[in-house]
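Input: a single structure, listed below in structure tokens.
Note that the structure is a prediction, hence the values are computed from the model and not measured. Just so it is clear: chains get the letters A, B, ... in the order the sequence lines come, proteins before strands, and each one is counted from 1.
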Amino acid sequence: MPKAFDPQAIEAQWYARWEADGLFVADAQSDKPKFAMCFPPPNITGELHLGHALQTAVYDTIARYRRMTGDEVLFLPGYDHAAIATQNVIEKQLAKEGLTKEQIGREKFDERVERWYEQTGATIINQLRLLGASMDWTRLRFTMDSRYYRSVMTAFVAFYEKGWIYRAPRIVNWCPHDRSAISDLEVEWQEHQDTLYFIKYPIDGGGDVTIATVRPETMLADTGVAVNPADKRYKSIIGKTAVLPLVGRKLPIVGEDAVEAEFGTGALKVTPGHDPLDYEIGQRHGLEMVNGMHEDGSMNVPGLPYDGMDALEARRRIVDDLKAQGLLVKEEPYTHEVGHCDRCHSIIEPLISEQWWLRMEEMRDNSVAASAAGQVRWHPERYERTYLDWLRGLHDWNIGRQLWLGHRVPVYYCENGHVTVSVERPDTCAKCGSATLEQDPDVLDTWFSSALWPFATLGWPDDTDDLEAFYPTDINCTAREIINLWVSRMIMTGLDFMGEVPFADVVIHCVVQAADGRRMSKSLGTGVDPRDLLAKYGADALRAWATSVAMSSQDVRFDESRVEGYRRFCNKLWNATRLILSSPGTQTAQAPGFIERQEHLEDRWILSRLSNAASAVKSGIDTFAFQDSINAAYAFAWNEFCDWYLEAIKDRLREGDASAQDVAYHSLDNLLRLLHPMMPFVTEELWSRLPGTRDYVMRQPWPDPRFVDPEAEEQFGLVIKIVEEVRGHRQAAGAPPRGGALELDRSVGETVANLAARLAHVELVDELGAVGTPLAVVAGKVSFPAGTGDARRERERKRLQDDLDKTQARLANPDFRDRAPAEVVANLEERATGLREALERLTARE
RNA sequence: GGGCGGUUAGCUCAGCUGGCUAGAGCGCCUCGCUUACACCGAGGAGGUCGUUGGUUCAAGUCCAUCACCGCCCACCA
């Protein structure tokens, strides 16, 4: 066995063996309880980042744990076509070659997309494997594969037939670069420093009204002016008509509660074609709707000099012209939020567009009711409110996109204007039989297809075994930024199509930030490639780090040294195993009940501590507090098993003592099982090296040791205390690492005394001789031959005295004695006694 | 504008329903290459728990306030 742990040497081969032996394949026919998780399909836009690694670690920990606790686990992998994101990636590639997608045409574009999907899909799968994700690759799904496509079409048709899908012109978020509408959730708001322009609009029959706007170019599409009816300044002009400068259009002046009298001048130019609020005002007052912009964001104002200009240029010209006419009253600096496309970062233009909409009322109500009924549990709980708040304010969902890529809307038009909606492409029109059919050019929002993930991956709409066995799934674990975009929609569609929520628990993991607190991103150069970390520290170390942070707080700054720490932990486990295996005669004779028969104090102690660790690890995973699990296992392994137990049994191991071997093997075997879900590779490797016929650790039952021995814990605790004090004195006295004499009170007992003396490397004596200065320890005293004094004593005395003073002061307070629980008072009194005794020893036994 | 989270050792973070002598890892200092591990062992320094008030016998832990930092939501031109 090599002296040091080397992750590279073991990981790949274990993964290959697990997969070859079908450890990850779920059996829908199994009679075990079913446990299912559909892995959130990563966007197929590039490599996985640290957040994915963290998420994968969480999922896989649960998957492996559940297999060990006896469930039939389906852990289903897949990836997402991410239409708008992928389109942007390909466009950027093309741009590097000096091309545009229009130049190469749809066919060539599709080829590029295919190639991209193949490459990136393979990269993603490879990365998941490197992380040790125990996914059922026989069930790998892609949101664009033919079966998934059919699920998406089926969902669309079903919604359509319920009358929930309709087509209508509405104001939408228009991305001029992608030339597509996007949903509210895909708009990213950024602060901009702009100018607020105050513009005078003349009123028919005399007078004028001044409005304020940051976007003068949109005035070309103004069709009204609105003021608050309660605003005394403007009462008299309601009902009159303003004249739009530069255009000459007549603008009705209307009274409208939505207008804030305090903002700007209190008068609002109404542009129903280019502003959501104005759109509503226009609807209410029957104002004309003018579309002043083309799909690419250029001005669409035939007959005016600004026609065809891009918006910013038009703005400059308009401002100049207004100045020239004396209509620009003033300009003020103005800071506000401007919407950008979250994929290409272009400024969003709100404009009127004919789009496909999905009514959400019923699905929303059902989801709210499901929450009220406790059908979905959120971790941490607070996110349920985030989700419900968003649901309650939900509007109809714009599901159409004008992209080149995605699921085409299954709506067909014949030459006679009839509409056929159908999952499969129809040969003829359903109404007139015409064979000349044209499909709607729109594609669906990517999130429309993702929303179906938990059941579409299992075969829906077909009545498959998988669907029967594994729906509803159990857990969805994701980042909070995706709660509304994805989680909420899965819940809604799950309830609608399957009649049940798609998962019982939603687990929101933390966001990993760069070390300096900025967000991790490739463009900022703050990203960390998980593959670098895997190469440096191994998958187990990365995963252990991930489980230690995933659920501990809302955000975590990445700290590479913590990953490194877990690699050392792997090495520690490795060497502990090496020590135990080096014991001669490695037969293990663990007969049933061998635990209860242990005589050595250290054996009883470590078995008791093991039970304690096991229950902590289990409850951590069960409650999604993975940090508690990894911390408990780490502390047990390092600070108890290695630091104390192995040190205590070294001699026995060297002699080939069978009982020491039994307990050591048993403890290590259990420890490796406890750690396996979080650190699969190193635990599999080490476990396989233990004596006996070995299968895979993941197929072993989850350990449930219940040997609790309070007496052994107390006695061994005393050993630890004595040893630590002797060591402290030794170093403070500058004595050599070994040697010296220890005298202990009879009350300590032989077992404890012998063990303590051995571990502290001192000789146990009945009475301390005249050599050196005697130094007090918890139940006796120690002296060293080469002792140079006791630098420690004064400091220790002060610490004890301070502590005692504080404790006595608290005890002296009558209110404390009256009101604090008896137990707390008793504890404090006990402590005071202990401190007093310690002080006495320190002075009396010099 | 509304909501949520954070502010604890030099750094990254734990501290559940108030009882702490405030912990861990990394870093730092001093010893030690002792036949599992120098990817190690032993010892140690280092914090008035963001501010100001309050509740309580007792507050890092509860309440209020302010200040920063971060996130989510939102149709103020």
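Atom name C1', nucleotides B:C49 and B:C13: the rounded distance is 14 Å, in whole Å. Nucleotides B:C26 and B:C39 are separated by 13 Å at their C1' atoms, to the nearest Å. Only the C1' atoms considered, B:C11 is 13 Å distant from B:G46, to the nearest whole Å. Straight-line distance between the C1' atoms of B:G18 and B:C29: roughly 36 Å, to the nearest whole Å.
Between A:K618 and A:D622 there is a salt bridge, since a side-chain N of the basic residue sits under 4.0 Å from a carboxylate O of the acidic one.
Using a 4.0 Å heavy-atom cutoff across all strands shown, A:R385 reaches sugar-phosphate atoms only and no base atom. Within 4.0 Å of A:V556, counting heavy atoms only, lie sugar-phosphate atoms of the nucleic acid but no base atom. When heavy atoms are screened at a 4.0 angstrom cut-off, A:K806 is found touching no nucleic acid atom at all. A:S552 comes within 4.0 angstrom of sugar-phosphate atoms only, judged by non-hydrogen atoms across all strands, and of no base.
Contact between the side-chain N/O atoms of A:W638 and the OP1/OP2 oxygens of B:G41 is found at a separation under 4.0 Å.
Aromatic rings of A:H340 and A:H192 (six-membered ring for Trp) have centroids within the 6.0 Å cut-off, being under it.
Note that A:R567 lies outside the cation-pi zone of A:Y537, set by a 6.0 Å cut-off to the ring centre and a 45° limit from the axis.
Counting only heavy atoms from C-beta on, A:A820 has its side chain closest to B:G19 among B:G19, B:U12, B:A42.
Checked by distance alone, A:E647 brings a side-chain donor or acceptor within 3.5 Å of a matching partner on the base of B:A36. Judged by distance alone, with hydrogens and angles left aside, A:K3 brings no side-chain donor or acceptor close enough to the base of B:C37 to form a pair under 3.5 Å.
Counting only residues at least two apart or on different chains, the ring pair (Phe, Tyr, Trp, His ring centres under 6.0 Å) pairs with a member in residues 261-281 of chain A are A:F263-A:Y334.
Straight-line distance from the CD atom of A:E564 to the P atom of B:U12: 17 Å, rounded to whole Å.
Remark: B:C4 base-pairs with B:G70; criterion is Watson-Crick or G-U wobble with both hydrogen-bond distances under 3.5 Å.
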